[in-house]
Amino acid sequence: MKRYGLFIISFIVFLGSFQLLSGMILTLLYVPESSTMWSSIEGLSSKVTFGSYSGSFAFMIPAVAATAAFFISKKWVRKSL
């Protein structure tokens, strides 16, 4: 039970850290297209697009967090025994 608790806590910490870091990087790299914004004001659409979905990237963050949490919990429990 000690190993499971350590795994869950470290997984939550790593997942939150990776999500925060990836959000900061994506926000930093986002460049709006303001140069063509005013030229197409007549043909505005009522549909709003906020971005695209990258399924593989969204799966990779929890997988990396779980792997790191597993190795941390495995190493921590081995030291305490």
Side-chain angles (χ1 to χ4, degrees):
M1 190 66 175
K2 184 178 181 181
R3 181 182 283 180
Y4 178 74
L6 184 62
F7 173 77
I8 291 298
I9 290 170
S10 58
F11 177 73
I12 290 170
V13 168
F14 279 117
L15 182 61
S17 300
F18 289 145
Q19 288 285 344
L20 183 68
L21 184 65
S22 68
M24 292 171 82
I25 290 171
L26 289 173
T27 302
L28 180 70
L29 296 177
Y30 176 72
V31 178
E33 296 179 25
S34 60
S35 62
T36 60
M37 179 176 57
W38 296 109
S39 63
S40 63
I41 200 158
E42 301 87 26
L44 288 178
S45 174
S46 61
K47 182 180 176 185
V48 177
T49 304
F50 287 105
S52 62
Y53 174 73
S54 175
S56 62
F57 185 69
F59 175 73
M60 190 179 353
I61 290 174
V64 170
T67 304
F70 173 75
F71 285 119
I72 292 293
S73 65
K74 189 175 180 181
K75 186 175 182 179
W76 183 272
V77 171
R78 187 176 294 166
K79 280 185 177 181
S80 65
L81 291 177

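- The hydrophobic cluster containing Leu29, built from Ile/Leu/Val/Met/Phe/Trp/Tyr side-chain heavy atoms closer than 4.5 Å, also comprises Leu21, Ile25.
- One hydrophobic cluster, built from ILVMFWY side chains closer than 4.5 Å, cannot hold both Ile9 and Leu15; they sit in different ones.
- For the residue pair Ile72 and Leu6, the shortest heavy atom distance occurs at O-CD2, 4.4 Å.
- Side-chain heavy atoms closer than 4.5 Å link hydrophobic residues (I, L, V, M, F, W, Y) into clusters, and following such links, even through other members, never connects Phe18 to Val13.
- Interatomic distance, Ser73 OG to Lys75 NZ, rounded to the nearest 0.5 Å: 12.0 Å.
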